[in-house]
Amino acid sequence: MAGAAARAADPQASGAVEIGTARGVPGQKVRGALKVAETADGTPYDLPIAIVSGRKPGPVVWVNAANHGDEYGGVRALQQVVRGLDPETMSGTLVAVMIANPPAFQGLQRVNPSLDDLSDMGDAFPGRADRFATERIAAAISAQVRAKAQYFIDLHTGGDRFRQHPFVFYTLTGSVPAERYDDLARSFGVETLWRDTEKVFPSDAVTTFAAAGVPGFLLEVGGGQPLDPADLRLQAEAVRGLLRRVGVLPGRPTLLPRYTVVTGYRVVTNGRGGFFEAAVKPGDRVREGSLLGTIADAHGDTVETLVAPAGAQIVLGVCTYPAAPTGGWLLELGTGLTETRVAPAAVGGR
Ligand SMILES: [Zn+2]
């Protein structure tokens with residue numbers, strides 16, 4: 001480990017990054033794996049990794065997908081990013097972890113199905129190398145990111161039964177200067193930015209990396225079934241936007257003329273069990289009292305009406321699953337909205 005740490009001290013010097021068996025070579029795309037745990041029969045849990053190393057040195061951007069095991073869209077978008085890159089034109093490195101939570105992915109569900117674990121990887125960072133599997137995997141990822149990457153992106157979706165409005169989440173509670181963080185966030189070209197100042201997800205990867213001075217972004221797009229090709233394109237293009245902004249890819253990021261900034265959120269759950277019918281869709285604007293959806297019982301009679309709580313202004317996500325027991329994760333609503341206009345001179349594409 002000491003050797004790896006020494007090499008990592010200046011990843012830009014050699015232009016080559018090594019993660020597990022994936023050994024970067026300037027001007028090439030390579031694949032490999034990082035073993036992070038084992039199943040009960042000793043089969044390794046490997047993170048499948050691609051490293052795309054530019055011909056020229058530059059920053060290292062680390063992108064994780066499937067931190068939650070049922071968020072398949074992020075993996076498919078990351079595949080598009082890796083396939084579309086030309087290392088000859090790049091200055092710097094993309095590290096792509098295609099499946100960051102293999103036990104959850106193998107279980108085709110959000111979290112590790114092991115009864116000794118069941119922890120959410122969105123709440124497991126920076127991880128612990130001597131505890132439960134999800135924490136160990138988080139610790140392995142944290143060690144690598146902190147040693148080798150200058151930027152971190154976590155690709156999320158709503159999973160297999162929830163659909164998200166596209167947004168970029170980042171937190172100003174760490175040590176990354178706010179002006180720089182805002183500028184980087186806009187480069188994704190995604191209109192809705194969730195600019196956290198309350199440390200709303202204290203044990204999320206992006207929060208802990210921001211605390212360590214690594215700008216981290218949670219890029220949330222789509223979800224539900226089947227996967228929407230437009231979602232995959234949007235998420236892939238957003239990653240390319242940041243790669244342009246930090247100079248790994250040539251060209252300028254596509255900035256939007258304005259951004260909607262969210263500062264907080266509310267989750268709406270149901271008291272009565274039954275059939276959920278949404279009255280809003282992701283991205284809709286709402287206010288206190290707006291109708292959000294209904295719950296119908298087994299006979300089809302409406303037994304609960306869900307309305308927006310105080311402060312709610314935009315629908316960030318909606319459950320796509322038709323039935324819900326009490327306490328269903330039915331809607332996410334953004335609060336504290338502001339509109340940010342970007343100077344016309346700064347707006348533009350590649
Ligand atoms: Zn997620």
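First listed ligand is number 1; within each ligand, the first listed atom is number 1.
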With distance as the sole criterion, is a donor-acceptor pair present between the side chains of [X] and [Y] under 3.5 Å?
| X | Y | result |
| --- | --- | --- |
| D154 | H156 | yes |
| H165 | D284 | no |
| R76 | Q79 | yes |

Give a yes or no on whether the backbone of R186 and the side-chain of Y259 come within a donor-acceptor separation of less than 3.5 Å. yes
Can you tell me if T157 uses its side chain to pair, donor with acceptor, with the backbone of G159 under 3.5 Å?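 Side chain of T157 to backbone of G159, a donor-acceptor pair under 3.5 Å: yes, one is there.
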Protein N/O/S atoms closer than 2.8 Å to the Zn ion (ligand 1):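 Short answer, with waters excluded from the count: H68 ND1, E71 OE1, E71 OE2, H156 ND1.
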Exercise answer: donor-acceptor pairs, residues 204-216 side-chain atoms, under 3.5 Å, sequence neighbours excluded:
| from | atom 1 | to | atom 2 | distance (Å) |
| --- | --- | --- | --- | --- |
| D204 | OD2 | V206 | N | 3.0 |
| T207 | OG1 | F201 | O | 2.8 |
| T208 | OG1 | D204 | O | 3.3 |
| T208 | OG1 | A205 | O | 3.0 |

